[in-house]
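Fair warning: this is a prediction, and the values are worked out from it, not measured in the lab. Heavy atoms only: backbone and side chains are in, while hydrogens, waters and symmetry mates are out.
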2 protein chains.
Amino acid sequence: MTGKRKTTIKDVAAAAGVSVTTVSDALSGKGRLPEPTRLKVKAVAETLNYRPSAIALGLREGGLGMVGICIAPAAGNAILTDVGYWAAIVTHASQTILAQGLAPVLLPHSVDLIGRLTIPLDGALVVDPLEYDPVLAFFDEKKVRYVTIGRDPGREAALWVDDDNRTGISRLLERTAQPGAALAFLTVGPKKSYVVDALEGARHWASTHGSSLKVLHCEGLEQEQVDRMVERALRGGVTMLIAQVDRLALRVLASLEAKGLRVPDDVRLLSASDGPELERASPPISAVRQHPDALADMAANALLDLIRGKADLKSATIPMETAIRPSAPAITA
Amino acid sequence: MTGKRKTTIKDVAAAAGVSVTTVSDALSGKGRLPEPTRLKVKAVAETLNYRPSAIALGLREGGLGMVGICIAPAAGNAILTDVGYWAAIVTHASQTILAQGLAPVLLPHSVDLIGRLTIPLDGALVVDPLEYDPVLAFFDEKKVRYVTIGRDPGREAALWVDDDNRTGISRLLERTAQPGAALAFLTVGPKKSYVVDALEGARHWASTHGSSLKVLHCEGLEQEQVDRMVERALRGGVTMLIAQVDRLALRVLASLEAKGLRVPDDVRLLSASDGPELERASPPISAVRQHPDALADMAANALLDLIRGKADLKSATIPMETAIRPSAPAITA
DNA sequence: CACATAAGAAGAAACGTTTCTTTCATTGCG
DNA sequence: CGCAATGAAAGAAACGTTTCTTCTTATGTG
């Protein structure tokens with residue numbers, strides 16, 4: 001911890017009339033120095049406001065203890081749209097990292113910008129990587145170790161932690177969907193592993209319960225795009241919509257309302273990720289709950305282990321709970 | 001940008017059968033080397049996956065380009081309560097910092113933890129410092145330059161940017177309060193400069209408009225604490241309540257509702273800081289609007305200027321807008 | 001008194017770069 | 001043919017530490 005200073009150990013040595021070795025020893029308590037010398041050197045150092053250079057220390061020790069936190073853009077776009085989830089991850093990861101004496105550095109999801117940085121990273125946490133994520137490729141090339149929250153669907157996964165989206169969504173369907181119901185899974189934005197997994201869970205449930213499953217995609221979260229997608233989804237008697245993400249679920253709800261459809265009477269609605277707004281919607285929307293806090297803690301700890309060279313690290317999933325709300329009440333089997 | 005590697009320039013030199021100087025020159029494009037040599041060295045470096053050590057570079061250049069972002073705890077407690085405001089500040093500050101090629105490091109508001117970090121900070125941004133903020137004192141001692149968003153009310157301010165809370169609140173009163181109305185200003189949590197300023201603005205308005213102004217404080221945001229504070233405030237015919245912060249305003253509203261008081265008919269309610277929930281409350285609550293985005297940008301830029309040794313830097317305020325909502329509609333003068 | 005030992009302090013290497021200076025060999029011109 | 005100029009590459013210093021090694025001087029013991 002040092003700012004831009006200029007008092008070096010040499011200055012102290014000169015001022016105290018001793019060698020740098022003596023200064024170093026005096027300050028660190030090592031070596032065999034008579035107490036008077038030690039005290040005098042300390043006093044001089046104090047007077048000169050001397051602080052050892054963190055960089056020089058880093059050079060010697062071979063590292064500064066910095067870990068990056070990089071969040072891939074969410075559906076829609078910016079970081080700010082997912083505030084709650086994002087903030088939970090950032091705060092928890094940071095706390096874990098700081099508690100271990102390392103420093104969390106906020107990284108943009110841009111190889112260009114990251115590449116321009118001249119800081120030595122001991123490792124990085126990548127949140128919700130994209131398919132063929134360029135940042136991951138960059139880290140591979142630069143030999144920066146990383147752990148991801150979620151996986152890059154287009155790459156042999158290294159070390160990751162994730163919610164168990166597959167089981168989560170199929171459990172939610174189990175409780176809210178009639179066997180044989182016609183389902184549609186609505187996705188938005190770039191492909192992420194949690195969507196892939198949730199989709200797989202939905203597919204599995206559908207195939208084992210005699211249900212059909214349509215999959216639809218739109219690029220952004222503009223209401224008109226969502227309207228069109230919902231329009232398409234409803235063609236052919238779909239009775240249960242599954243939105244990939246909370247914000248999409250809200251748009252879908254608006255869409256249905258605009259079309260004069262009642263939820264859940266005419267169509268049921270589910271979200272594959274939860275959020276505070278879902279509870280407050282009317283009707284409140286059923287969803288699968290993520291665990292950003294636990295995910296961040298686990299991921300940060302795994303990364304720290306990885307950095308420290310611990311062997312036998314394993315990727316892991318966290319089981320998800322379901323929040324059953326009026327948009328898709330529990331079925332009475 | 002480098003991970004933990006081991007291939008050094010010496011390895012490359014040895015492998016290529018040249019000196020380190022030659023490697024350095026070949027890679028940087030400097031010096032006068034024949035193209036074949038340059039190419040060969042580059043090839044070897046490539047093969048060995050050589051990356052220059054960021055730390056060594058930092059040692060030479062005298063800095064790594066890292067700036068800390070430190071957020072003082074808000075009323076209530078954790079970072080997570082103020083997500084929107086906090087996230088806006090962090091993202092904007094980070095973007096500005098990254099755009100200049102520096103790296104934003106997330107710092108906890110704890111001298112203990114910060115002190116344990118062994119990273120060289122070129123500067124820091126401190127958001128909403130507390131009175132006699134220990135982190136600021138720490139930075140002073142360590143000679144780390146900083147810029148604050150808001151000021152430490154207990155200290156000669158260095159360089160800061162802030163919303164113009166004083167003018168903001170008095171303008172809001174001007175439009176929503178009857179001259180002579182009995183006001184109460186409700187505060188919560190640690191003393192921060194925006195409260196001091198808002199309070200001053202309210203005092204000023206009150207004293208120039210024949211109004212009385214009670215000031216009340218409570219420690220936390222528990223509903224019972226707030227209830228008691230509101231109780232005390234209302235004794236003596238107060239007709240206009242001003243809450244220091246959006247979350248407090250919501251609690252106060254709940255309090256009033258529980259007491260069977262109607263807003264704005266029985267009591268008017270104002271908030272000295274805005275938030276999305278204020279709009280959605282019933283009735284929606286009038287407030288002064290902050291500018292976390294602009295604040296963060298300005299603060300980050302000021303810090304960067306400070307780091308680069310630019311002279312004549314000045315603290316600055318941003319004018320605030322008022323959002324007039326049903327909890328305290330505009331008066332008809 | 002001489003020699004071994006220990007204390008006290010300084011020297012030097014190493015961490016990984018870049019850059020300034022030096023060395024050596026080759027070429028060209030008078 | 002000799003010397004200057006140039007090209008190519010190596011050497012060395014510097015950035016700020018720590019730590020291992022060496023040196024000097026004083027103390028103690030036989």
Review point. With sequence neighbours excluded, what pairs up with B:Thr22 under the side-chain hydrogen bond (donor to acceptor under 3.5 Å, both in side chains) test?
Key: B:Ser19
Review point. Which residues satisfy the side-chain contact (heavy atoms from CB on, under 4.5 Å) test with B:Asp312, sequence neighbours excluded?
Key: none
Study note, to complete from the structure: Picking from D:dG16, C:dT18, C:dA10, the nucleotide nearest the side-chain atoms of A:Ser53 would be D:dG16
Check your understanding: Taking only residues two or more places apart in sequence, or in another chain, which ones meet A:His291 in a side-chain hydrogen bond (donor to acceptor under 3.5 Å, both in side chains)?
Key -> A:Asp163, A:Glu321
Review point. Which residues pass the side-chain hydrogen bond (donor to acceptor under 3.5 Å, both in side chains) test with B:Thr96, sequence neighbours left out?
Key: B:Asp297
Practice item. Determine, for A:Lys192 against A:Asp152, whether the closest basic-nitrogen to carboxylate-oxygen distance falls under 4.0 angstrom. Key: no
**Study point:** Within residues 33-41 of chain B: residues closer than 4.0 Å to DNA chain D (heavy atoms)
**Key:** B:Leu33, B:Pro34, B:Thr37
Practice item. Work out how much the helix from C:dC1-D:dG30 to C:dG30-D:dC1 bends between its end axes, five pairs an end, to the nearest 10 degrees. Key: 80°
Check your understanding: Is there a donor in the side chain of B:Gln100 and an acceptor in the side chain of B:Arg308, or the other way round, less than 3.5 Å apart?
Key -> yes
Study note, to complete from the structure: Among D:dG16, C:dT17, D:dA9, the one nearest any side-chain atom of B:Ala56 is C:dT17
Sub-3.5 Å pairs of nitrogen or oxygen atoms, protein against nucleotides 24-26 of chain D:
none

Exercise for review: Would you give a per-nucleotide map of nucleotides 20-28 of chain C, 5' to 3', where B means the base has a protein non-hydrogen atom under 4.0 Å away, S means only the sugar-phosphate does, and - means neither?
Suggested key: B--------
Study note, to complete from the structure: Residues passing the side-chain contact (heavy atoms from CB on, under 4.5 Å) test with A:Arg60, sequence neighbours excluded, are none
Point to revise | Short N-O contact, B:Arg151 and B:Asp197, less than 4.0 angstrom | key: yes
Study note, to complete from the structure: By side-chain contact (heavy atoms from CB on, under 4.5 Å), B:Thr47 pairs with (sequence neighbours left out) none
**Study point:** side-chain contact (heavy atoms from CB on, under 4.5 Å) involving A:Ala158 - partner list, sequence neighbours excluded
**Key:** A:Tyr146
Check your understanding: For B:Gly63, which contact category applies under a 4.0 Å heavy-atom criterion: base, sugar-phosphate, or nothing?
Key -> nothing
Review point. In chain order, what residues pass the side-chain hydrogen bond (donor to acceptor under 3.5 Å, both in side chains) check against B:Asp305, with sequence neighbours excluded?
Key: none
